[in-house]
Protein chains: 2
Amino acid sequence: MPEPPPPRLDEIDVQLLDLLQRDAGRTLHDLGEWVGLSPSAVQRRIARYRKDGLITRQVAVLDPHRFGPTVLAAVLVTLDQESFEHHRAFAERMRSTPQVQQCYQVAGPWDYVVVLAARSMRECSRLGNRLFKADDNIRRYETLLVFDTVKTGLALPLPASQPSRSQDGRS
Amino acid sequence: MPEPPPPRLDEIDVQLLDLLQRDAGRTLHDLGEWVGLSPSAVQRRIARYRKDGLITRQVAVLDPHRFGPTVLAAVLVTLDQESFEHHRAFAERMRSTPQVQQCYQVAGPWDYVVVLAARSMRECSRLGNRLFKADDNIRRYETLLVFDTVKTGLALPLPASQPSRSQDGRS
DNA sequence: TCGGGCACGCAAGATTATTGCGTTCCGGCG
DNA sequence: CGCCGGAACGCAATAATCTTGCGTGCCCGA
């Protein structure tokens, strides 16, 4: 279980990470100006975030509706047999299906929440059939078609800056 | 309604966009090598994607569990009064709450699906109380605590490359 | 058949990122 | 109480990357 204790973050770290998770396109100079640090100091911190796995990757976010019609759906799923192997197989199918944006295993009567993105209602329907109806280990599933995307993103609420790591040599 | 007809995309466009939405950290040189184009040609295409709004932004993705304990939840919500104004107010609250990662308005008995990210179970609970219990226009809501994140991301399945835009001057 | 539009590659030129170095601050230890 | 090592900083030089101007080839429409 790769869980080295969460690195201690000072206020500047939190500011930087928050800036980056909202817009990773800025220059080191800009970032530095924002948090009051030189470009090289900013660069070194960011390198550390990467090394520590705080930043996993950097992605371009596409606008679904600029690619023509797009159908989103949230699907609630309950498996029939709950064996370890069945769960594994289901998860693997979700991971390997490009139209599956997100998949969470959850507590309660439902086992999974799945977010789908398809190019048409027809594809969305087919997808539901293929992923859930054709699987005879799915007890029940319910498709919640998305009318409107109010908010989207993967931004995390960052923990308040821990007062630790107070030793630093800036003026 | 700002909907200029979706730009036609050739196979290279699709490849580039797909590469970018999975890893926007590559250099123009790398991307060019991948799709068989010079760095400058790649740069010009990407500039166009931005101008056309295909790429909305570029973000760093953080690993929730590297920041210490993290609690995710999917919440299903049904409003009481369905007036336009009530919907607007709810949406605005979702947008302005950092712990709300995603919020979709959906068809069916439930009105919204909301994805929450909190630093602790306690914060998650408080958040539910603040966002939903304290709102007397919420008829009912159900919290699905996330046990495991099987898959996450915002990647779109890209449409098959349209054969259009076949005129281009590359060797 | 000719001309315009468009995308390309190449090669400067401009910007940005990276690294080496010397300095300061802090905490631990003799 | 003073010294030493570690960590982070700023500055400046270097390296890498991005951006842009220019000339060329291709396709389409006139």
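What you are looking at is a predicted structure, and each value in this text was computed from that prediction instead of being measured. Quick note on labels: first sequence line is chain A, next is B, and so on, each numbered from 1.
Pairs passing the side-chain hydrogen bond (donor to acceptor under 3.5 Å, both in side chains) check and including a residue from residues 75-84 of chain B, sequence neighbours excluded, read B:D80-B:R139, B:E82-B:H87, B:S83-B:H86. For residues 34-54 of chain B, no residue pair satisfies the ring-ring contact (aromatic ring centres under 6.0 Å, His included) rule, not counting sequence neighbours.
Residue B:L79 belongs to a hydrophobic cluster whose other members are A:V150, B:V75, B:V77, B:F90, B:M94, B:V100, B:Y112, B:V114, B:L116, B:L127, B:L131, B:F132, B:I138, B:Y141, with links defined by side-chain heavy atoms closer than 4.5 Å.
Each end of the helix from C:dT1-D:dA30 to C:dG30-D:dC1 gets its own axis, taken as the rotation carrying the C1' atoms of four end pairs onto the next four within a five-pair window, and the two axes meet at 20° to the nearest 10 degrees.
Separating the CZ atom of B:R44 from the C1' atom of D:dT17 is a distance of 15 Å, rounded to the nearest angstrom. As rounded to whole Å, 13 Å separates atom C1' of C:dC8 from atom CD of B:Q43. Atom pair B:R45:CZ and C:dG9:P shows a separation of 9 Å (rounding to whole Å applied). Look at CZ on A:R48: it is 11 Å from P on D:dA7, rounded to the nearest Å. Spacing between atom CD1 of B:I12 and atom C1' of C:dA7 amounts to 10 Å, rounded to whole angstrom units. A straight line from CG of B:L16 to C1' of C:dA7 spans 14 Å, rounded to a whole angstrom. A:R50 places its CZ atom 11 Å from the P atom of C:dA17, with the value rounded to the nearest Å. Going from atom CG of B:D10 over to atom C1' of C:dA7 covers 10 Å, rounded to whole Å.
Across residues 19-29 of chain A, A:T27, A:L28 each have a non-hydrogen atom less than 4.0 Å from an atom of DNA chain C (numbered order).
Legend: residues meeting salt bridge (Lys or Arg N to Asp or Glu O under 4.0 Å) with B:R122, ordered by chain and number and at least two apart, are absent. Judged as a side chain to side chain donor-acceptor pair (under 3.5 Å), and not counting sequence neighbours, B:Q43 has no contacts. Under the side chain to side chain donor-acceptor pair (under 3.5 Å) criterion, A:Q99 pairs with A:E123, sequence neighbours left out. Partners of B:S38 according to the side chain to side chain donor-acceptor pair (under 3.5 Å) rule, which considers only residues two or more places apart in sequence or in another chain, are B:S40. Partners of A:Q102 according to the side chain to side chain donor-acceptor pair (under 3.5 Å) rule, which considers only residues two or more places apart in sequence or in another chain, are A:Y104, B:Q102. A:A47 pairs by the side-chain contact (heavy atoms from CB on, under 4.5 Å) definition with nothing, not counting sequence neighbours.
Considering all non-hydrogen atoms of both residues, B:T152 and A:R57 come closest at O-NH2, 3.8 Å.
Not a single donor-acceptor pair, N or O on each side, falls under 3.5 Å between the base of D:dC9 and the side chain of A:S40.
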Interface polar pairs with nucleotides 12-14 of chain C, N/O, under 3.5 angstrom:
none

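Rounded to the nearest 0.5 angstrom, B:D135 CG and B:N129 CG are separated by 12.5 Å.
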